[in-house]
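One structure is given below, encoded as structure tokens.
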Amino acid sequence: MALIVHKYGGTSMGSTERIRSVAQRVAKWVRAGHQIVVVPSAMSGETNRLLGLAKELMPQVNTAEAMRELDALAATGEQVSVGLLALALQAQGLQAVSYGGWQVPIRTDSAYTKARITSIDDTRVRADLAAGKVVVITGFQGIDDQGHVTTLGRGGSDTSAVAVAAALKAAECLIYTDVDGVYTTDPRIVPEARRLSTISFEEMLELASQGSKVLQIRSVEFAGKYRVPTRVLSSFTPWDIPLDEEAVSGTLITFEEDEKMEQAVVAGIAFNRDEAKISIIGVPDKPGIAYQLLGPVADANIDVDVIIQNVSHDGRTDFSFTVHRNDYARALDLLKAKVLPAVGAADVRGDAKICKVSIVGIGMKSHVGVAATMFRTLSEEGINIQMITTSEIKTSVVIDEKYMELAVRALHKAFGLERPAA
Ligand code: ADP
Ligand code: ASP
Ligand code: MG
């Protein structure tokens, strides 16, 4: 008997029929003798619908008061899911109880719309499990010190599940989704993408942080910090497939680096359409300029990702960086109104039609020429690289958004990541 956390995403919870199938699957695990905690997402489309309604009433949200309400609203999607799923489980003849994050409680900080989990009280959940119940807990949310409901950022149910698994010291966290594992890239963009049976924690972390939405980055961080065995697998197999088969399907995140030695240099390709580029033209090139430009941006709580400064001519240089698209308008306004006059730069320009494409692999640590292959491939496709950034295990380029799919496909091919021909 093991304690296992199951997480079901939006598509997996997308209709009462799907929810019934989730309940049947969970019942299979329970009848095999396991203790199961289930963390579901809102039904597919529901979080977007709720946030869309909010937008009709308040197009730009930039006060803490309004963000509090956004979280209170968005959290209801998962509240519906846990109620329905607990009913479906009871209909299968199981004992089941549902909780909102606030009832567990799952405590978070107060950063509305991107709160971080600070602690999880396992008392109540353990007592229910000991009493033979399946415990169903809302994904995506918690409660702060003042008792306000918070949410963890889009895709946050992954993080709820892994954090609950860590708190309960669960034997495994199974992330059930609409693909049967982690692929070399998003199979929606490259149909030839190949499923990886294992992926190292470091690579998964980098893929998630470079925009691969199959797992929210913080869930991977939790998995690493608490060494939670985490597996991504499909909820779209027939619910009654043999449990032994299901338990080893999908993609397991591994923590042993050595395992990767024999494998491909590049494990996968991620892309991110959520950023925008800002360029400040004709900046006086003198010490402290980066701080003068980016200090006020950081003070406004805007995260900066890729940064480049050009070679200077006649004492002036151009400086470019990327921010999340949600922060783009605010960053541009701030620079135009306050920073530009203060530093004496000539102009500030923005481009929201960019994307970032990243190749990721532990093998890049020990292989030279990987980045060169990336640049050559993009050049052969006539794709201009606007910015480049590297780390030990990734190389990212910022390119025009309209070339994103072309770039990902070409790189996937260039690094031989396709499925072997049948
Ligand atoms: P859920 O609602 O179950 O959380 P998500 O839509 O958040 O599902 O994540 C699953 C989706 O992630 C897949 O449908 C797929 O399109 C996308 N995805 C992006 N990159 C990858 C990848 N490398 N491997 C698998 N899926 C990926
Ligand atoms: N329902 C939330 C979202 O759509 C959380 C999640 O699905 O993980 O972002
Ligand atoms: Mg998700």
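Worth saying up front: this structure is predicted, and the values here are computed from it rather than measured. All ligand and atom numbering here is 1-based and tracks the order in the structure.
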For a quick test of your reading: what N or O donor-acceptor pairs under 3.5 Å do the side chains of residues 137-150 make, sequence neighbours left out?
residue : atom : partner : partner atom : Å
T138    : OG1  : G101    : N            : 2.7
Q141    : NE2  : A75     : O            : 3.2
Q141    : NE2  : G139    : O            : 3.0
D144    : OD1  : Q146    : N            : 2.9
D144    : OD1  : G147    : N            : 3.0
D144    : OD1  : H148    : N            : 2.8
D144    : OD2  : S110    : OG           : 2.8
H148    : ND1  : R68     : NE           : 2.9
H148    : ND1  : R68     : NH2          : 3.4
T150    : OG1  : T108    : OG1          : 2.7
T150    : OG1  : G142    : O            : 3.4

Indicate the ring-plane relationship of Y8 and Y176, choosing parallel, tilted or perpendicular according to the 30° and 60° boundaries. parallel
Those protein residues which place at least one heavy atom below 4.0 Å from ligand 1: K7, G9, G10, T177, D178, V179, G181, V182, Y183, T185, D186, P187, R188, S212, K213, V214
Run the side-chain donor-acceptor check on residues 221-232: report pairs under 3.5 Å with partners two or more places apart or on a different chain.
residue : atom : partner : partner atom : Å
T230    : OG1  : V228    : O            : 2.9
R231    : NE   : E172    : OE2          : 3.2
R231    : NE   : A247    : O            : 3.1
R231    : NH1  : V248    : O            : 3.3
R231    : NH1  : S249    : O            : 2.8

Do the side-chain N and O atoms of Y99 and D128 include a donor-acceptor pair separated by under 3.5 angstrom? yes
S219 and D158 side chains, donor-acceptor separation under 3.5 Å: no
Is there a side-chain contact between L293 and I280 (heavy atoms, below 4.5 Å)? yes
By chain and number, the residues contacting ligand 2 below 4.0 angstrom (heavy atoms only) are S41, A42, T47, E78, F140, R154, G155, G156, S157
Is there side-chain contact between P40 and V82, with at least one heavy-atom pair below 4.5 Å? yes
N48 and R154: side chain donor to acceptor below 3.5 Å: yes
Looking only at side-chain N and O atoms, does S200 offer a donor or acceptor that is under 3.5 Å from a partner on E203? yes
